[in-house]
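Shown next, in structure tokens, is the structure this report addresses.
Note: hydrogens, waters and symmetry copies are ignored here, and every other heavy atom, side chains too, is used.
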Amino acid sequence: MFLYKTHSPKKILMGCTLFFIALTTTGHTVHAADFVGSQQCSSCHQDQYQAWQGSHHDMSMRHAKPDAVLGDFDNASLTFEGKDNRFFKKAEQYWVNIEGPDGLFHDYKISYTFGYTPLQQYMVEFDDGRVQLIPFAWDSRSKADGGQRWFHLYPEFTDNHQEFYWTNTGQNWNYMCADCHSTNVDKNFDLPSNTYDTKFSEINVGCEACHGPASDHIDWNKNPDPTIEHAGFDRNLLKPVTNWLHKTDRTTLAPEAINNTQQTLVCAQCHSRHTQISNDDHVQTNEFGDRYLLSLIGSQLYYPDGQVYEEDFVYGSFLQSKMHRNGVTCSNCHDPHSAELTLPKETVCLQCHQASTYADTKHHHHPDNSSGAQCVNCHMPETTYMQIDSRRDHGWHIPRPDFARTLGTPDTCLSCHKDKDSAWSEGVTQQWQPMAELKQEKHFAPAFAAIDQGYQEAANALSHIAQNAQNAPIIRASALARMSQVSNQNTLIAIARAVKHNDSLVRIGAISGAGAVEGRERWPLLAPLLNDTVLAVRAEAAIALTPMWQELSAAQQSQLQPALDDYLAIQTFNEDRGFAHTNKGNVFAHQGKFQQAEQAYRNSIELEPTFVGSYLHSAELYRLQNNNEAGIKILKQGIQANPDDGSLAYSLGLAYIRNKQPQLAAQSLKQATLKSPSNANYFYVYSLSVEAISLTEAESSLQTAYKISSNPQHLFALCDLQIRHHSSEAQHCIAQLKQFAPENVIQQLQQRLILK
């Protein structure tokens with residue numbers, strides 16, 4: 001894995017509140033031009049400036065003043081869990097009286113507003129420079145729509161041990177939000193004092209957030225020189241396609257040519273799910289990976305068919321689409337200054353898709369002018385985040401009720417037909433258009449779903465997906481990344497080809513997939529990428545090879561070190577978060593520098609006690625040094641700081657097993673199953689630990705493990721347990737296993753049953 005990253009809660013993300021990484025001064029690119037402020041643009045670009053005013057970009061962040069605050073601070077109150085929270089004013093200032101991390105209520109001054117519709121959030125600035133989002137938001141919709149009210153945005157995060165508690169790192173603006181909600185941000189985190197002095201050129205998303213610093217443009221405007229490109233700016237924000245052609249054999253317009261522009265890269269810097277890895281200008285290099293590491297189409301964020309699950313902020317969905325591959329960009333549909341659609345949503349698609357074909361009942365099979373006749377309702381379904389914020393999927397997927405029925409993906413038809421099921425919608429769509437043509441495309445969804453559920457047999461399908469040039473690069477990269485769970489000759493060939501691919505995202509996917517490749521084979525595969533021109537690729541390759549450090553020759557270590565330095569620089573860039581120090585500790589541990597590793601893990605724990613990985617890796621370091629008692633101590637400390645985390649209890653159980661304390665091991669492993677009731681492996685290991693103590697408990701845990709995972713290995717373990725203990729259920733278990741296991745395995749079990 002490249003980096004430890006925080007995991008966001010389901011269905012509640014906003015474009016900054018969770019997961020976006022802010023800028024730091026480390027590695028800051030020095031620009032020849034200076035930032036001058038949006039006000040300087042208004043005199044010459046009045047129409048654009050007026051369109052921008054009041055937009056989401058303009059209102060992304062503001063000082064808490066009357067022209068920005070929408071919420072009711074006129075001594076309003078909200079009762080939550082039996083406790084009153086108050087919103088009031090002191091002179092011209094806005095204040096809240098809410099519960100703090102000490103469990104007591106305090107008055108906090110609101111310094112900033114965040115967004116404006118359909119909700120507005122509010123932020124408190126603390127003495128150490130941290131800016132934190134309070135847990136209550138204002139529903140800015142109309143009363144008729146249920147708005148004009150205060151509500152608790154994160155009712156599941158009310159414990160100060162949780163990462164997303166309002167004063168903890170999950171709700172920290174400096175790291176999470178500033179990069180995308182303000183212009184030209186310097187995070188200015190100081191590790192020794194653990195403080196921020198964050199600065200920005202403009203508090204909101206101004207003109208220069210997209211166009212870049214404008215001083216050279218202003219100078220150019222005084223004496224226009226047609227030989228200077230882009231009027232003094234260093235970015236090309238034009239549309240990639242300037243001329244769309246009608247072709248008799250097509251029902252959509254075709255691009256005459258697709259030119260290289262940087263518009264999508266500029267929008268993607270905020271409208272994407274990513275981890276920031278540097279302050280370099282990715283627009284100038286035309287490589288997203290020089291500044292950010294994009295999240296791939298994995299099960300934590302997306303359904304196996306690519307539909308968005310957690311908020312992906314558009315870019316990851318858009319990269320999957322045929323629109324992107326055919327030269328469509330953001331401003332083909334959205335005005336870049338107001339962010340509104342350029343045309344009504346009923347007609348925006350008909351710019352390229354011929355109305356005679358697509359705005360016809362023969363295509364959409366719904367009454368004209370109905371909601372079902374609108375393209376977006378079938379091809380851009382909405383998901384609601386933050387309780388009231390509906391966002392559309394920008395992958396423009398073809399509805400597949402068959403996937404919904406077999407793979408559990410969302411069925412777009414049921415968004416309207418709530419009284420039906422996917423069997424019904426599959427039957428209806430089959431009548432409209434036989435599925436044979438779609439099924440011939442060999443969609444990636446079944447293979448992704450199979451691998452995500454642990455079925456190794458899908459390895460060959462992944463190899464085909466990764467090498468199929470008809471698939472979008474992000475899909476190919478995501479198929480490659482899943483190869484870390486499986487490995488055969490075909491996946492090895494796919495990875496070997498992918499590391500040479502011209503798309504950096506595909507190369508990154510190949511590095512992730514190489515995690516399943518044996519160390520000796522991994523080096524020749526990935527070593528060439530240590531000199532890759534893209535930062536994310538070099539760093540990914542470095543950390544994928546670092547576990548082999550002790551086996552490498554001096555020459556190989558020397559070859560690895562520069563890229564590893566890049567990786568370590570990324571951790572320094574993000575040193576205000578625990579994961580960065582833990583990542584450093586892992587590098588030191590691989591290099592045998594145990595004291596430095598221990599210090600790095602300690603730094604992580606002190607900086608961010610809610611980051612679980614630091615305790616787990618610290619305990620593993622102690623295990624390597626045969627200091628099991630120290631490992632047990634650090635895991636107990638981790639459980640105290642993160643009482644709801646199952647992985648810490650699980651690791652503590654394993655530590656007790658190594659320490660020959662079976663009773664304590666069983667107790668800890670039991671806690672792991674209670675805290676992580678969907679983790680089949682925890683139930684499996686718990687059953688092994690408790691078998692000598694309670695056969696009933698062991699059998700029940702194996703049954704639960706199999707019920708969760710559908711893994712035949714868990715069913716085999718259950719049959720084995722029942723045979724060994726003469727259970728009357730053993731024969732039934734073997735009968736169940738018959739549909740999965742080879743005949744010789746079944747025969748052996750039957751023979752053992754007879755002998756018993």
Side-chain angles (χ1 to χ4, degrees), residues 299 304 402-403 405-409 442 444-465 479 482-492 494 513 515-518 650 653-654 657 666 669-670 672-673 676-756:
S299 59
D402 56 326
F403 286 165
R405 183 177 57 79
T406 58
L407 306 179
T409 59
K442 297 188 181 300
F444 57 83
F448 281 13
I451 290 295
D452 292 345
Q453 294 174 21
Y455 290 98
Q456 307 286 302
E457 294 80 4
N460 290 340
L462 287 183
S463 178
H464 175 78
I465 294 164
R482 282 175 168 81
M483 292 177 190
S484 64
Q485 304 171 55
V486 295
S487 182
N488 65 17
Q489 189 62 30
N490 287 332
T491 61
L492 193 61
V517 178
E518 291 295 330
Y650 176 74
L654 297 182
I657 290 174
L669 292 169
K670 175 67 173 179
T673 65
S676 302
S678 61
N679 191 310
N681 187 56
Y682 290 177
F683 282 93
Y684 171 69
V685 176
Y686 171 59
S687 73
L688 300 180
S689 74
V690 81
E691 181 178 343
I693 301 170
S694 171
L695 181 60
T696 302
E697 188 82 352
E699 188 173 358
S700 173
S701 292
L702 279 175
Q703 289 170 340
T704 302
Y706 177 63
K707 183 178 179 181
I708 294 169
S709 69
S710 300
N711 187 339
Q713 294 291 343
H714 292 153
L715 185 58
F716 174 85
L718 177 61
C719 297
D720 176 70
L721 177 78
Q722 291 175 341
I723 291 171
R724 285 188 286 106
H725 292 280
H726 312 284
S727 170
S728 60
E729 297 295 319
Q731 188 62 60
H732 175 69
C733 183
I734 294 172
Q736 276 186 285
L737 187 63
K738 261 187 177 181
Q739 58 184 315
F740 307 112
E743 183 60 33
N744 65 315
V745 172
I746 299 299
Q747 288 176 355
Q748 290 172 8
L749 291 175
Q750 292 282 15
Q751 186 64 30
R752 287 176 55 198
L753 186 61
I754 293 171
L755 292 176
K756 289 291 183 180

Just jot down the salt bridge (charged side-chain N to carboxylate O under 4.0 Å, His left out) partners of E691, sequence neighbours excluded, or say none. R724
Pair K738-E743, salt bridge (charged side-chain N to carboxylate O under 4.0 Å, His left out): steps then yes or no: CA-CA 8 Å; K738 261 187 177 181; E743 183 60 33; over 6 Å; no
Can you find a pair of side-chain heavy atoms, one from F403 and one from P446, that are under 4.5 Å apart? yes
By side-chain contact (heavy atoms from CB on, under 4.5 Å) - contacts of A717 (at least two apart): Y684, L702
Would S710 and Y455 count as a side-chain contact (heavy atoms from CB on, under 4.5 Å) if you check the C-alpha gap in whole Å, the side-chain angles of each, and the deciding distance to 0.1 Å? CA-CA 10 Å; S710 300; Y455 290 98; 4.0 Å; yes
Residues two or more places apart in sequence or in another chain: which of them pass side-chain contact (heavy atoms from CB on, under 4.5 Å) with I657? L654, A665, L669
Are there over 12 heavy-atom neighbours, none belonging to Q739, within less than 6.0 Å of that residue's CD? yes
Residue pair Q736 / L718, side-chain heavy-atom distance below 4.5 Å: no
Measure the acute angle between the ring planes of Y650 and Y682, then classify it against the limits of 30° and 60° as parallel, tilted or perpendicular. parallel
Heavy-atom pair of closest approach, residues H714 and S709: ND1-OG, 2.8 Å
In this structure, CG of N679 is separated from OG1 of T704 (nearest 0.5 Å) by 12.5 Å
Determine whether Q713 and Y706 satisfy the following criterion, side chain to side chain donor-acceptor pair (under 3.5 Å), listing intermediate values before the conclusion. CA-CA 8 Å; Q713 294 291 343; Y706 177 63; over 6 Å; no
